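Here is the structure we will look at.
Note that the structure is a prediction, hence the values are computed from the model and not measured.
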Amino acid sequence: MKIFLLGYMGSGKSYIGKMLSDQINLNYYDLDEEIEKLENATISEIFQKRGEIYFRKLERKILEDLINKEGAGVFSLGGGTPCYGDNMELISKADGIISFHLKMSISSLAERLFEERANRPLISHLDDRMQLEEFIGKHLFERSFYYNQANHVIDCNGKTAEMIITSILQKLK
């Protein structure tokens with residue numbers, strides 16, 4: 001079984017993914033980390049030097065590699081991964097994948113992302129919290145079609161990591 005975590009940036013995919021994989025004793029893979037290892041550069045650097053189209057093509061290749069990887073695992077995707085090309089269709093049709101959308105409200109995401117926006121290429125240009133909330137709201141509207149194709153939607157608002165993991169484990173039974 002492969003557990004794929006998807007959702008907007010800041011929704012906790014990497015954090016929850018690491019904790020979940022430790023708890024159920026499966027290998028953990030973070031799509032962004034795999035890209036950074038391959039390119040020997042951060043996601044921000046890849047966006048700056050090579051552009052978003054290059055990044056999305058590379059992301060697709062690594063996504064295919066992870067889907068075809070032998071064995072079980074927990075996989076955290078980038079926030080935009082399900083929304084480009086036919087990535088979500090690829091995930092949905094692959095055998096042995098159970099996907100979870102870690103869903104959070106606009107205000108909760110803005111609270112998490114505001115202080116770290118300099119490290120996130122898509123929001124680094126936003127100067128105040130209101131701009132950030134508007135940006136997130138627009139993105140969530142555009143991306144919800146893809147995120148909601150996940151096998152399960154987990155409401156993460158006001159929940160601890162342990163509560164979220166418990167919700168995921170209940171869905172896996």
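Residues forming a side-chain hydrogen bond (donor to acceptor under 3.5 Å, both in side chains) with Asn148 (at least two apart in sequence, or on another chain): none. Tyr28 is linked by a ring pair (Phe, Tyr, Trp, His ring centres under 6.0 Å) to nothing, counting only residues two or more places apart in sequence or in another chain. In this structure, the side-chain hydrogen bond (donor to acceptor under 3.5 Å, both in side chains) partners of Ser108, at least two apart in sequence or on a different chain, are Ser105, Asn157. For Arg120, the side-chain hydrogen bond (donor to acceptor under 3.5 Å, both in side chains) partners at least two apart in sequence or on another chain are Glu116. For Glu39, the salt bridge (Lys or Arg N to Asp or Glu O under 4.0 Å) test picks out no residue, with sequence neighbours left out. Glu115 meets the side-chain hydrogen bond (donor to acceptor under 3.5 Å, both in side chains) test with no other residue; sequence neighbours excluded. Partners of Tyr84 according to the ring pair (Phe, Tyr, Trp, His ring centres under 6.0 Å) rule, which considers only residues two or more places apart in sequence or in another chain, do not exist here. With sequence neighbours excluded, the residues forming a side chain to side chain contact (heavy atoms under 4.5 Å, CB included) with Asp128 are Met130, Gln131, listed by chain and number.
Closest heavy-atom contact between Ala150 and His101: CB-N, 3.7 Å. For the pair Gly17 and Ser76, the tightest heavy-atom approach, listed with the atom from each and the gap, is CA-OG, 4.0 Å. Residues Ala110 and Glu133 come closest through the heavy atom pair CB-CG, 3.5 Å.
Note that Arg50 lies outside the cation-pi zone of Phe47, set by a 6.0 Å cut-off to the ring centre and a 45° limit from the axis.
Linking Ile, Leu, Val, Met, Phe, Trp and Tyr whenever their side-chain heavy atoms come within less than 4.5 Å leaves Leu66 and Val74 in two separate clusters. Follow the hydrophobic side-chain contacts under 4.5 Å out from Phe4 and you reach Leu31 in the same cluster. Residues Ile16 and Ile97 are members of separate hydrophobic clusters, defined by side-chain heavy-atom contacts under 4.5 angstrom among Ile, Leu, Val, Met, Phe, Trp and Tyr. Leu122 and Phe114 end up in the same hydrophobic cluster when Ile, Leu, Val, Met, Phe, Trp and Tyr side chains are linked at under 4.5 Å. Residues Phe75 and Met9 share a single hydrophobic cluster, defined by chaining ILVMFWY side chains whose heavy atoms lie under 4.5 Å apart.
Without hydrogens or angle criteria, Thr81 side chain to Gly78 main chain gives a donor-acceptor distance under 3.5 Å. A distance-only check finds no donor-acceptor pair linking the side chain of Tyr147 to the backbone of Phe100 [under 3.5 Å]. The closest donor-acceptor contact from the side chain of Arg112 to the backbone of Leu109 lies at 3.5 Å or more, if one exists at all. Side chain of Asn27 to backbone of Gly73: no donor-acceptor contact under 3.5 angstrom is found. Looking only at distances, no side-chain donor or acceptor of Asp30 sits under 3.5 Å from a matching main-chain atom of Ser14. Not a single donor-acceptor pair under 3.5 Å links the side chain of Lys61 to the backbone N or O of Lys57. Remark: side-chain polar atoms of Lys2 are not paired, donor with acceptor, to backbone N or O of Ile98 under 3.5 angstrom.
Applying the salt bridge (Lys or Arg N to Asp or Glu O under 4.0 Å) test to residues at least two apart or on different chains, none of the pairs has a partner in residues 99-111. Sorted by first and then second residue, the salt bridge (Lys or Arg N to Asp or Glu O under 4.0 Å) pairs with a member in residues 13-23 read Lys18-Glu33; sequence neighbours excluded. Within the structure, salt bridge (Lys or Arg N to Asp or Glu O under 4.0 Å) pairs that include any residue of residues 139-151 comprise Lys138-Glu142 (at least two apart or interchain).
Within a 6.0 Å sphere centred on CG of Asn40, heavy atoms belonging to other residues, nucleotides or ligands number 12 at most. The number of heavy atoms from other shown groups lying within 6.0 Å of OH (Tyr15) does not exceed 12.
Atoms CG and OG1, on Asn119 and Thr42 in that order, are 8.5 Å from each other to the nearest 0.5 Å. The OH atom of Tyr29 sits 12.0 Å away from atom CG of Asp65, with the distance rounded to the nearest 0.5 Å. Cys156 contributes atom SG, which lies 6.5 Å from atom CE of Met104 (distance to the nearest 0.5 angstrom). Here the straight-line distance linking atom CG of Asn151 with atom CD1 of Ile91 works out to 10.5 Å at 0.5 Å rounding. The NE2 atom of His152 sits 7.5 Å away from atom OG of Ser99, with the distance rounded to the nearest 0.5 Å. In this structure, CD1 on Ile67 lies 3.5 Å from CG on Leu90, to the nearest 0.5 angstrom.
Using a 4.0 Å cut-off between charged side-chain N and carboxylate O, Glu34 and Lys37 make a salt bridge.
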Intermediate values then yes/no, side-chain contact (heavy atoms from CB on, under 4.5 Å), Leu6 and Leu102:
CA-CA 6 Å; Leu6 52 108; Leu102 303 185; over 6 Å; no
Checking salt bridge (charged side-chain N to carboxylate O under 4.0 Å, His left out) for the pair Glu59/Arg56: CA distance, chi angles, key distance, verdict?
CA-CA 5 Å; Glu59 179 182 56; Arg56 295 299 175 191; 3.0 Å; yes
Side-chain donor-acceptor pairs of residues 162-173 under 3.5 Å, sequence neighbours excluded:
{"unit_1": "Thr166", "atom_1": "OG1", "unit_2": "Glu162", "atom_2": "O", "d": "2.9"}
{"unit_1": "Ser167", "atom_1": "OG", "unit_2": "Met163", "atom_2": "O", "d": "3.1"}

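Using a 4.5 Å cut-off on side-chain heavy atoms (C-beta onward), Leu132 and Ile123 make contact.
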